[in-house]
Peer 1: 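First the structure, which I've put down as structure tokens, then a few questions once you've had a look.
Letters A, B, ... mirror the listed sequences (proteins, then strands); counts begin at 1.
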Protein chains: 2
Amino acid sequence: MTIKAKPKTSTNEGLNEADFLARYDANAFEHPSVAVDVALVTVHEDQLRVLLLQRDSHPYKGAWALPGGFVGMKESLDSAAARVLREKARIQKAFVEQLYTFGAPARDPRTRVISVAYYALVEYQKLQQLAQKPSHCLATLVVPWQGEAGGPVKLQSALGQPLRTAFDHQEVLGVAVQRLRAKVDYAPLGFQLLPKAFTLLDLQRVHETILGRSLNKDSFRRRTLASGRLRATGVMEQAVGHRPAEHYQYVPGITPAQ
Amino acid sequence: MTIKAKPKTSTNEGLNEADFLARYDANAFEHPSVAVDVALVTVHEDQLRVLLLQRDSHPYKGAWALPGGFVGMKESLDSAAARVLREKARIQKAFVEQLYTFGAPARDPRTRVISVAYYALVEYQKLQQLAQKPSHCLATLVVPWQGEAGGPVKLQSALGQPLRTAFDHQEVLGVAVQRLRAKVDYAPLGFQLLPKAFTLLDLQRVHETILGRSLNKDSFRRRTLASGRLRATGVMEQAVGHRPAEHYQYVPGITPAQ
DNA sequence: AAAATAGTGTCTATGAGACACTATAGT
DNA sequence: ACTATAGTGTCTCATAGACACTATTTT
């Protein structure tokens, strides 16, 4: 970017770089706050779920919000997102990706807060433990649009009650669903939402939940197996009331595009 | 996000929202600067080109950088990007989209600057006028990777000389190319880089330049015409030394995905 | 006429969808 | 035996690539 530096003295011509930097005053302008918000997404019972925390202070007191936090002055954005995951959800390892940056001037009534949104894919079991606390909830995402149209989503409690959400987090989650739908066909996202071993039907149901539409079974099997990312374990499902399916594992293999 | 508000008094229990907001002190923490950087991209002579400005002050004095500017306290990110386009390139209308947010702690040696990167697609003629000034340049993007692998790109002057670039702008442009390659197949990007009327071969060359590989002519024609986004004008090319091609125009029509 | 590209028609290879069929568990 | 799902084989249809051919302009 082109600087409009405002050094402490107005006679900054002819300085070398070291002198310039020493005189540079970062506080000459008022700055916005910068936060990260992380959508911890999982799939359960053919529904997209996301971890929300109930706010215990103003603004939006009592409303449900994505876990987040301000970005430290010496912390990268990715580190800040990882810290939020660690501190708010005790999660060390997960698929995490930057989503979009939200910066409407009035999105936070306190002051100007620019939020860099991330999303993370987590196996249901891990999130379910967290959501036991009364201030936590694993909300169901209700997507009121088809395909990759985009737009805000609605949130429901486990009992199907609509949840009051804070800030612009319905828009954030809308963009998260949009991204998931766009990437699930070619990137190994589905595996992140399942235990290490899973059946092909498990994986298909995850894809169907993300996409919001049913998929052709035969075609899904062929494509998925042809991708070379799955390894058969030889282990079968147990006690399922029908012919048991084989368990597969994800093989990272040659790095796929992104 | 979950707030860690630090009101001016420590006894903030039991306040209503209005009182809380009145007492909220946004300056309790040190804040990073937030900037937008805009990659003004076009295609000319089968090469991707981008507008760069030569920096006249430290840091990176003399190096080439994307046009950018700090985000005002009452300005949305999109507005800031539009303002940069207007002030730095005199461009009012263009396809503009947020790209990614870069926030490595040391990406700017002055102070912590978080940069929300945008890219814009502009017809070559418009950019060429700007690049006449000695402090401006329409650099060629050299992409050292295939497909959507990603990574930083290199920049060359019109004479093929490598250009010294400022900050992390090679990475920013790498992400821009990645985004372009991912979207050009299904979103109407190519039209943005051409005059109102163009031939199918013109459009194919733009797609080939973005993708960095050649495309099948027959298939490209079929797909493009079948998309229903092109309208034949009945006007033919003039004085081309071979059978003249018909000019087409882009028809916005029903809003495509994104 | 030669050169160069526009534009059309058709064949083939590939992949998705559809459907039928067999296999194997629990009840 | 019945039910439910796993897994395989095959047919069809749509689309991309390849190639041949005709059309139309300038030189």
Peer 1: Quickly work out the R221(B) CZ to dT15(D) P distance and round it to whole Å.
Peer 2: 18 Å
Peer 1: Roughly, in whole Å, what's the span from CG in D202(B) to P in dA6(C)?
Peer 2: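 Interatomic distance, CG of D202(B) to P of dA6(C): 9 Å.
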Peer 1: Hey, what are the protein-to-nucleotides 17-19 of chain C N/O distances that come in under 3.5 Å?
Peer 2:
unit_1	atom_1	unit_2	atom_2	d
dG17(C)	OP2	S219(A)	OG	2.7
dG17(C)	N7	R222(A)	NH2	2.6
dG17(C)	O6	R222(A)	NH1	3.2
dA18(C)	OP2	N216(A)	ND2	3.3
dC19(C)	N4	D218(A)	OD1	3.4
dC19(C)	N4	D218(A)	OD2	2.1

Peer 1: For a side-chain contact (heavy atoms from CB on, under 4.5 Å) with L48(B), tell me which candidate from V142(B), L141(B), T42(B) qualifies.
Peer 2: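 With L48(B) as partner, side-chain contact (heavy atoms from CB on, under 4.5 Å) holds for just one option, L141(B).
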Peer 1: Counting only heavy atoms not in Q132(A) (residues, nucleotides, ligands), do more than 12 fall under 6.0 Å from its CD?
Peer 2: yes
Peer 1: Using a cut-off of under 3.5 Å, enumerate the N/O to N/O pairs linking the protein to nucleotides 25-27 of chain C.
Peer 2:
none

Peer 1: Can you check whether any acceptor in the base of dG7(D) is under 3.5 Å from a donor in the side chain of K217(A), or vice versa?
Peer 2: yes
Peer 1: Take atom CG of D185(A) and atom C1' of dG15(C), then tell me their distance rounded to the nearest Å.
Peer 2: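 These atoms are roughly 14 Å apart.
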Peer 1: Starting at atom CG of L225(B), determine the distance to atom C1' of dA6(C), rounded to an integer number of angstrom.
Peer 2: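 Roughly 12 Å, once rounded to whole Å.
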Peer 1: Is W64(A) reaching over with its side chain to a backbone N or O of C137(A), donor-acceptor style, under 3.5 angstrom?
Peer 2: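 No: the side chain of W64(A) does not pair with the backbone of C137(A).
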Peer 1: Spell out, as yes or no, whether a donor-acceptor pair under 3.5 Å connects the side chain of R181(B) to the backbone of I210(B).
Peer 2: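 Side chain of R181(B) to backbone of I210(B): a pair is present.
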Peer 1: How would you list all residue pairs meeting side chain to side chain donor-acceptor pair (under 3.5 Å) that involve residues 191-214 of chain A, not counting sequence neighbours?
Peer 2: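 Residue pairs with at least one partner in residues 191-214 of chain A: T199(A)-D202(A), Q204(A)-E208(A).
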Peer 1: Between the main-chain N or O of H247(A) and the side-chain N or O of T233(A), is there a donor-acceptor pair closer than 3.5 Å?
Peer 2: yes
Peer 1: Just how far, in rounded Å, is P of dA23(D) from CD of E246(B)?
Peer 2: 17 Å
Peer 1: Got I91(A) and L127(A) here, is their nearest side-chain heavy-atom distance under 4.5 Å?
Peer 2: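 I91(A) vs L127(A): side chains touch.
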Peer 1: Rounded to the Å, how far apart are L203(B) CG and dG7(C) P?
Peer 2: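 It is 13 Å, rounded to the nearest whole Å.
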Peer 1: Report yes if the side chains of Y124(B) and E45(B) come closer than 4.5 Å at any heavy-atom pair, otherwise no.
Peer 2: no
Peer 1: Hey, does E237(A) reach any base, or is it just sugar-phosphate, or nothing, if we go heavy atoms under 4.0 Å?
Peer 2: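 Nothing, no nucleic acid heavy atom in range.
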Peer 1: Regarding L200(A), tell me which of base, sugar-phosphate or nothing describes its non-hydrogen contacts under 4.0 Å with the strands shown.
Peer 2: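 Answer is nothing: L200(A) stays at 4.0 Å or more from every strand.
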Peer 1: Is any side-chain heavy atom of V177(B) less than 4.5 Å from a side-chain heavy atom of Y119(B)?
Peer 2: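 A side-chain contact under 4.5 Å is absent here.
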